[in-house]
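For reference, the structure is listed below as structure tokens.
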Amino acid sequence: MYTQKTIETLHSPINQHGEGPIWHMGRQSVFWVDILSDQILEYNWNQKQVFTYPNAKMVSAIFEIEGQNDFLMATIQGGLAEYDLNKNSCIVFNDLDIDWKETRCNDEQ
């Protein structure tokens with residue numbers, strides 16, 4: 001069965017280096033990162049609204065954590081972390097034994 005789809009333009013904040021969009025099933029939102037502005041962005045499909053979540057370090061990628069609508073897994077300049085969307089805070093749980101002064105999580109060493 002064919003279902004007609006429509007395409008909409010999303011007018012979001014300008015990103016310096018936006019990438020890595022993911023669909024978050026639990027929140028019915030699209031998330032992506034703006035690496036150079038150290039933030040995560042969310043477009044809530046039902047509310048038609050963009051939310052921004054600041055971080056103290058570069059965020060390279062994000063992932064949904066099944067069953068956890070208020071947390072994301074993130075790769076940041078500092079290692080692997082859990083990002084709390086309510087508190088706008090990131091807790092690194094594995095630094096990957098890397099010197100992070102000038103490296104972000106998806107850079108080659």
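Scope of the values below: all heavy atoms of this structure, side chains included, with no hydrogens, waters or symmetry mates.
No donor-acceptor pair closer than 3.5 Å links the side chain of D95 to the backbone N or O of G79. Looking only at distances, no side-chain donor or acceptor of S37 sits under 3.5 Å from a matching main-chain atom of Q16. No donor-acceptor pair under 3.5 Å is formed between the side chain of E82 and the backbone N or O of F93. Remark: side-chain polar atoms of D34 are paired, donor with acceptor, to backbone N or O of H17 under 3.5 angstrom.
In this structure, CG in D70 is found 10.5 Å from CD1 in I65, a value given to the nearest 0.5 Å.
Across all non-hydrogen atoms, the minimal contact from G78 to V92 is O-CG1, 3.5 Å. Shortest non-hydrogen contact noted between V30 and P21 is CG1-CB, 4.4 Å. Shown here for K48 and W45, the closest heavy-atom pair between the two residues is NZ-O, 3.3 Å.
No side-chain heavy atom of Q39 sits less than 4.5 Å from a side-chain heavy atom of V59. Under the 4.5 Å side-chain criterion, counting only non-hydrogen atoms from C-beta, W23 is in contact with Q28. When side chains are defined from C-beta on, L41 does not count as touching Y43, because their heavy atoms never get closer than 4.5 Å. Looking at heavy atoms from C-beta onward, N15 lies in side-chain contact with W32 at the 4.5 angstrom threshold. Annotation: side chain of I62 is in contact with side chain of I22 (closest heavy-atom distance under 4.5 Å). Counting only heavy atoms from C-beta outward, the side chains of N88 and Y83 approach each other to under 4.5 Å.
Open room surrounds CD on E66; 12 or fewer heavy atoms of other groups in view lie less than 6.0 Å from it. Environment of CG in L96: crowded, with over 12 heavy atoms of neighbouring residues, nucleotides or ligands closer than 6.0 Å.
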Walk me through it: do H24 and N69 pass the test side chain to side chain contact (heavy atoms under 4.5 Å, CB included)?
CA-CA 8 Å; H24 193 291; N69 288 342; 3.4 Å; yes
List the steps, then state whether side chain to side chain contact (heavy atoms under 4.5 Å, CB included) holds for K57 with D38.
CA-CA 6 Å; K57 306 262 183 167; D38 305 334; 5.8 Å; no
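M73 and I91 fall into different hydrophobic clusters, where Ile, Leu, Val, Met, Phe, Trp and Tyr residues are linked whenever their side-chain heavy atoms come under 4.5 Å apart, directly or through other members.
Checked against I40 for a side-chain contact (heavy atoms from CB on, under 4.5 Å), the options N55, L72, I76 give a single hit: L72.
Applying the salt bridge (charged side-chain N to carboxylate O under 4.0 Å, His left out) rule to E42 yields the partners R27; only residues at least two apart in sequence or on another chain are considered.
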